[in-house]
Amino acid sequence: MQPVVLVTGASSGIGSALCKRLLREDAGVRLCLACRNMQKATATKAVLLAAHPAAQVTLVRLDVSSLESVLRAASEIQRRFQRLDYLFLNAGIMPNTHVSFKALISGLFSGRAVHMLSTAEGLLTQEDCITADGLQAVFETNLFGHFILIRQLEPLLCCLEKPSLLIWTSSSNARKSAFSLTDYQHSKGKESYSSSKYATDLASVALNKHFNKQGLYSSVVCPGLVMTNLTYGILPSFFWKLLMPIMWIIRFFTKTYTLTPYNGAEAQVWLFKQKPESLDALMKYHSCTSPMGKNCVESQKMDVEEETAEIFYQKLLELEKHVLAKLNAPLSPK
Ligand SMILES: NC(=O)C1=CN([C@@H]2O[C@H](COP(=O)(O)OP(=O)(O)OC[C@H]3O[C@@H](n4cnc5c(N)ncnc54)[C@H](OP(=O)(O)O)[C@@H]3O)[C@@H](O)[C@H]2O)C=CC1
Ligand SMILES: CC(C)CCC[C@@H](C)[C@H]1CC[C@H]2C3=C(CC[C@]12C)[C@@]1(C)CCC(=O)[C@@H](C)[C@@H]1CC3
């Protein structure tokens, strides 16, 4: 039986490159692109089919920042498929981002310049907003909408005979100090992106603890710095044009400047080829690119305590109960 693969945020950037690469790995995969914008999704599907005319590619409308949309998409997916082998939790936002040029300039002359340029530590702040569900938008999009999707799709994901794998797109911008268990939606701070990506790392660790015995595994990837709509949104386009040659030079100092969506998807494609049971729950898998453009995957231990991951998981379950009750929806599908 050909594997069924669902990719959220497949309409552009890393998600779209991932879909192309998955079909190149195995033209038989049954790909489902879960996207909020059906026009963009249809265009991506057409590109995929142009390269692989016999491929099985379907679309499902999914806006991870709307719980109603997540519930609707989950029941549609359950109607179409009997199981899911890989679920790529890739959709994400980094809205209204400001760069601290003061921190950038002083960082460039410090001993931590390479670290700063690969993690953006101390460089970025975001203005977040509230969704129609009453949640912080970055938290709901990057983490919670995906968490509800997983919970709703449990019957398709949990099978002892054939394990399934969740693959979260995290970031090297994920930072413990940006995250707080008492304000896990990051309503009070200005680093909602860092916080949400640290939250995905915690969620992945806790999901492994709770679901491995049911045949469901979870992993985290870091694509590196990739030029996509998300990054182009940080600075005006003429700035990026000026910076591009410098970015290629930075590649001589760090492997994390993967720059193209194709390169950024390296770790996701690598995980697709691994046995879920063989992966380490506490590792993060990084896409890396050499100055000459050669790709590889490197693993690094996450800065996560299992106890914190468990407390956070319990908070997510509480929030799930609360929001589903508000929507009059059952906790898990029949
Ligand atoms: N670019 C980078 O340097 C890095 C990116 N990442 C992560 O990679 C992931 C992909 O981002 P990237 O490819 O760079 O950026 P893009 O903006 O190109 O892609 C983001 C994707 O997520 C989708 N999306 C956004 N919000 C929602 C929503 N509410 N519901 C459904 N889909 C949504 C977008 O849809 P639409 O096309 O409709 O806008 C798009 O397909 C994100 O999680 C990002 O945080 C991590 C590290 C580095
Ligand atoms: C001299 C430099 C080329 C100037 C670029 C300054 C900044 C705009 C970039 C420096 C580090 C970059 C970075 C990201 C965005 C652009 C920078 C802040 C990310 C935050 C993009 C999204 C991610 O998830 C991270 C992994 C990136 C980390 C590095």
Side-chain angles (χ1 to χ4, degrees), residues 7-19 33-41 43-44 60-67 69-70 73 88-95 97-101 103-105 107-108 113-126 131-133 137-138 140-146 149 167-175 191 193-194 196-197 200 220-236 239-240 242-251 253-254 256-261 263-265 267-268 284 286-287:
V7 181
T8 72
S11 54
S12 63
I14 300 166
S16 149
L18 167 67
C19 293
L33 318 187
C35 306
R36 62 177 170 181
N37 180 329
M38 296 315 273
Q39 222 175 330
K40 280 170 88 175
T44 306
V60 68
R61 187 189 299 274
L62 168 67
D63 179 346
V64 277
S65 68
S66 154
L67 293 172
S69 168
V70 172
F88 286 92
L89 306 149
N90 170 76
I93 53 166
M94 183 167 63
T97 296
H98 306 286
V99 181
S100 163
F101 288 99
L104 176 65
I105 289 161
L108 285 177
V114 173
H115 175 80
M116 177 192 74
L117 290 174
S118 33
T119 62
E121 189 175 328
L123 289 187
L124 305 180
T125 50
Q126 288 91 30
T131 65
D133 295 313
V138 175
E140 184 169 9
T141 309
N142 295 0
L143 176 85
F144 192 63
H146 284 121
L149 182 69
I167 301 165
W168 295 87
T169 310
S170 180
S171 164
S172 35
N173 188 242
R175 223 154 31 83
E191 294 176 282
Y193 185 77
S194 275
S196 72
K197 292 299 178 181
T200 65
V220 175
V221 299
C222 282
L225 174 60
V226 187
M227 297 318 297
T228 61
N229 294 340
L230 182 140
T231 29
Y232 280 120
I234 302 173
L235 295 171
F239 244 120
W240 283 121
L242 291 175
L243 288 176
M244 242 13 237
I246 307 173
M247 312 269 279
W248 289 96
I249 294 168
I250 296 174
R251 260 208 188 158
F253 304 96
T254 171
T256 62
Y257 274 47
T258 48
L259 299 183
T260 66
N263 295 340
Q268 291 163 319
K284 218 167 175 173
H286 293 253
S287 299

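These values consider heavy atoms only, across backbone and side chains, with no hydrogens, waters or symmetry-generated copies. When a ligand or atom number is given, it counts from 1 through the structure's own listing order. Along the sequence shown, residues are numbered consecutively beginning with 1.
- Neither the backbone nor the side chain of Phe239 has any atom closer than 4.0 Å to an atom of ligand 2 (non-hydrogen atoms only).
- Within ligand 1, the atoms closer than 4.0 Å to a non-hydrogen atom of Asn229 are 17 (O), 18 (O), numbered from 1 in the order shown.
- In this comparison of Leu235, Ile249, Thr228, the heavy atom closest to atom 8 (C) of ligand 2 sits on Leu235.
- Atom 19 (O) of ligand 1 has its nearest heavy-atom neighbour, among Ser12, Gly13, Ser196, in Ser12.
- At least one donor-acceptor pair under 3.5 Å links the side chain of Ser172 to the backbone N or O of Ser118.
- With hydrogens and angles disregarded, a donor-acceptor distance shorter than 3.5 Å links the side chain of Ser69 to the backbone of Asp63.
- Using a 4.5 Å heavy-atom threshold, the side chains of Asn142 and Met94 count as separate.
- When hydrogens are left out, the protein atom nearest atom 29 (N) of ligand 1 is Asp63 OD1, 2.8 Å; that is the closest non-hydrogen contact.
- The proximity of Asn173 to ligand 1, defined as any non-hydrogen pair under 4.0 Å, does not occur for either the backbone or the side chain.
- Taking any N or O of Ser171, backbone or side chain, at least one lies under 3.5 Å from an N or O belonging to ligand 2.
- Between the Thr254 side chain and the Val114 main chain, no donor and acceptor come within less than 3.5 Å of each other.
- Not a single heavy atom of Thr8 sits less than 4.0 Å from an atom of ligand 1.
- You'll find the side chain of Pro223 reaches within 4.5 Å of the side chain of Thr169, heavy atoms only.
- Nearest heavy-atom pair across Thr231 and Leu225 is CG2-CD1, 3.5 Å.
- For ligand 1, the atoms lying closer than 4.0 Å to a non-hydrogen atom of Leu62 are 30 (N), 31 (C).
- Of the protein's heavy atoms, Gly92 O, 3.7 Å lies nearest to atom 20 (C) of ligand 1.
- Of the inter-residue distances, the one linking Asn263 atom CG with Thr256 atom OG1 reads 12.0 Å to the nearest 0.5 angstrom.
- Distances from atom 29 (C) of ligand 2 to the heavy atoms of Thr258, Leu117, Ile234, Leu123 show the closest one on Leu117.
- Residues Asn173 and Lys197 fail the side-chain proximity criterion, which asks for heavy atoms closer than 4.5 Å.
- Nearest to atom 43 (O) of ligand 1 by heavy-atom distance, out of Asn142, Asn90, Thr44, Thr258, is Asn90.
- For atom 30 (N) of ligand 1, the nearest protein heavy atom (residue, atom name, distance) is Val64 N, 2.9 Å.
- No donor-acceptor pair closer than 3.5 Å links the side chain of Thr141 to the backbone N or O of Val64.
- At a heavy-atom distance under 4.0 Å, only backbone atoms of Ser118 (N, CA, C or O) approach ligand 2.
- Using a 4.0 Å cutoff on heavy atoms, Lys197 counts as a contact of ligand 1.
- Taking only nitrogen or oxygen atoms, main chain and side chain alike, Ser171 does not reach within less than 3.5 Å of ligand 1.
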Pair Gln126-Val138, side-chain contact (heavy atoms from CB on, under 4.5 Å): steps then yes or no = CA-CA 10 Å; Gln126 288 91 30; Val138 175; 5.6 Å; no

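- Side chains of Thr97 and Tyr193 form no contact here, defined as non-hydrogen atoms less than 4.5 Å apart.
- For Thr256, no heavy-atom contact with ligand 2 is shorter than 4.0 Å.
- Contact annotation for Ile93 and ligand 1: only side-chain heavy atoms (C-beta onward) come within less than 4.0 Å of the ligand.
- Contacts with ligand 2 closer than 4.0 Å are made by side-chain heavy atoms of Met247 only, the backbone lying farther away.
- Of the protein's non-hydrogen atoms, the one nearest atom 23 (C) of ligand 1 is Gly9 CA, 3.7 Å.
- Under a 4.0 Å criterion applied to the non-hydrogen atoms of Lys40, ligand 1 contributes the atoms 36 (P), 37 (O), 38 (O), 39 (O).
- In this structure, Ile250 is part of the shell of residues with a heavy atom less than 4.0 angstrom from ligand 2.
- Residue contacts with ligand 1, taken as heavy atom pairs separated by less than 4.0 Å, involve Ser170 solely via the backbone atoms N, CA, C and O.
- Contact annotation: for Leu108 versus ligand 2, there are no heavy atoms closer than 4.0 Å.
- Considering both main-chain and side-chain atoms, Cys35 never comes within under 3.5 Å of ligand 1 through any nitrogen or oxygen pair.
- For the ligand labelled ligand 2, residue Tyr232 lies outside the 4.0 Å heavy-atom shell.
- For atom 11 (O) of ligand 1, the nearest protein heavy atom (residue, atom name, distance) is Leu230 CD1, 4.2 Å.
- Arg251 places a side-chain N or O within 3.5 Å of a backbone atom of Thr258 that can act as its donor or acceptor partner.
- Heavy atoms of Met94 found under 4.0 angstrom from ligand 1: none, in either backbone or side chain.
- Between Asn37 and ligand 1, no pair of N/O atoms sits closer than 3.5 Å.
- For the pair Ser172 and ligand 1, no heavy-atom separation below 4.0 Å is found.
- Nearest protein heavy-atom neighbour of atom 8 (O) of ligand 1: Thr169 CG2, 3.2 Å.
- The backbone N or O of Trp240 lies less than 3.5 Å from no partner atom in the side chain of Tyr232, so there is not a single donor-acceptor pair.
- Among all non-hydrogen protein atoms, the one lying nearest atom 5 (C) of ligand 1 is Ile14 CD1, 3.8 Å.
- Heavy atoms from both the backbone and the side chain of Val226 come within less than 4.0 Å of ligand 1.
- Inclusion of Tyr193 in the set of residues having an N or O under 3.5 Å from an N or O of ligand 2 is warranted.
- Atoms CG and CD1, from Asn90 and Ile14 in turn, are 6.5 Å apart once rounded to the nearest 0.5 Å.
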